[in-house]
Amino acid sequence: MPASTGGHMTTIGLINPGQMGASVGAAATHSGATVLWASEGRSDATRERAERGGLTDAGTLGQLVKDAEIILSVCPPSEATTVVSTVIRHGFKGLYLEGNAIAPGRTHEINTMLTDAGAEMVDGGIIGGPAWKKEAGTVLHVSGPSASTIVDLFAGSPLHLNIVSEDIGAASTLKMAFAAYTKGSTALLSAILALAEIAGVREHLAHQWGETFSTETARRVSANTAKAWRFVGEMEEIAATFEGAGLPGGFHQAAAEVFRRQAEFKDQPTPKLDAVLTAMNKDN
């Protein structure tokens, strides 16, 4: 089902226009599709993002589900199952992109829920920042029998698409593996710096690391804090992914706790490293 077939323009429902979701919805408009969002219960900031993306307000989620042929779910991992349950309850029978950072085991569960309800799912994993510009290099990896339909939706858009395979769960696993390093290693660096601070050896560690690495590490840890609250659930999903493959998940359970301690910096200006380490060490 491409965005336009024989003069028929596809109507897409986006759940929800967060920092990433709004840019994905905007990207889908490049193929001529109408992209709906539901303003009921949403904040002014969400409305501003939706307007920036050229999205059309359906008012309620129920109306969005009724009108949409394809739904794009881009939400925090903790909300993924609730969102799909609500969509199913509203009678959705179309194609559903599960584009959230969730473990493949949960992806399979959601696929079963949708299939049982008479809908179809494409597994998706987004790697990169918001896709307002092609130069951002953001990639939506997709898998499943209908993955090519999702690719067609984003023709000519700033979002890059990649079909991983026809297997549900493949795109989710790729996303988990990638974020396990990029975000997991930032959590590890945060914990190392907190340890060195507690022991009074941070200055000596910085000298041993060298100026370049120490400066970049401090910048990376501080810059990450604004998004740390979102990464708690993602780290838990990565832990479940490792455990589902028979590998230890403790690394990323610990990373989830690191980001939980940094959650107070949500929507705040980038803090100094000392402030981050103070938050990390509050229990000491």
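Bear in mind the structure is a predicted one, so any value in this text is a computation, not a measurement.
- Salt bridge present: Lys175 and Glu234 bring a charged side-chain N and a carboxylate O closer than 4.0 Å.
- For His252, the ring pair (Phe, Tyr, Trp, His ring centres under 6.0 Å) test picks out Phe242, with sequence neighbours left out.
- For the residue pair Glu120 / Ser146, a side-chain donor-acceptor distance below 3.5 Å is found, with atom types taken as modelled.
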Practice item. Could you walk me through whether Glu216 and Arg219 pass salt bridge (Lys or Arg N to Asp or Glu O under 4.0 Å), step by step? Key: CA-CA 5 Å; Glu216 173 57 25; Arg219 184 207 63 76; 2.7 Å; yes
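- The side-chain hydrogen bond (donor to acceptor under 3.5 Å, both in side chains) test with Ser143 is passed by exactly one of Thr107, Asp167, Asp123: Asp123.
- Crowding of Tyr181 atom OH: a count of heavy atoms from other residues, nucleotides or ligands under 6.0 Å not exceeding 12.
- Within a 6.0 Å radius of CD in Gln19, no more than 12 heavy atoms belonging to other residues, nucleotides or ligands are found.
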Review point. Side chain to side chain contact (heavy atoms under 4.5 Å, CB included) between Ile71 and Val87: does it pass, once the steps are laid out?
Key: CA-CA 9 Å; Ile71 285 180; Val87 167; 3.7 Å; yes
Review point. Going through the checks in order, is the side chain to side chain contact (heavy atoms under 4.5 Å, CB included) test met by Leu114 and Ile88?
Key: CA-CA 7 Å; Leu114 286 161; Ile88 289 170; 4.1 Å; yes
Using residues 262-275 as the side-chain source, report each donor-acceptor pair under 3.5 Å to any protein atom, sequence neighbours left out, with the distance given to one decimal.
unit_1	atom_1	unit_2	atom_2	d
Gln262	NE2	Ser190	OG	3.2
Glu264	OE1	Lys282	NZ	2.9
Asp274	OD1	Arg202	NH2	2.5

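- For Arg49 and Trp37, the positive end is not near the middle of the six-membered ring at less than 6.0 Å and at most 45° from its axis.
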Practice item. Could you walk me through whether Leu140 and Asn162 pass side chain to side chain contact (heavy atoms under 4.5 Å, CB included), step by step? Key: CA-CA 6 Å; Leu140 171 56; Asn162 175 55; over 6 Å; no
Exercise for review: Take Thr241 and Arg106 through the side chain to side chain donor-acceptor pair (under 3.5 Å) test and state the conclusion after the steps.
Suggested key: CA-CA 9 Å; Thr241 302; Arg106 196 138 74 98; over 6 Å; no
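- Environment of NZ in Lys66: sparse, with no more than 12 heavy atoms of neighbouring residues, nucleotides or ligands closer than 6.0 Å.
- The residues Glu257 and Arg261 are annotated as salt-bridged, a charged nitrogen and a carboxylate oxygen being separated by less than 4.0 angstrom.
- For the residue pair Asn111/Glu109, the side-chain donor-acceptor check at 3.5 Å is not satisfied.
- Between Arg260 and Glu236 there is a salt bridge, with a side-chain nitrogen of the basic residue lying less than 4.0 Å from a carboxylate oxygen of the acidic one.
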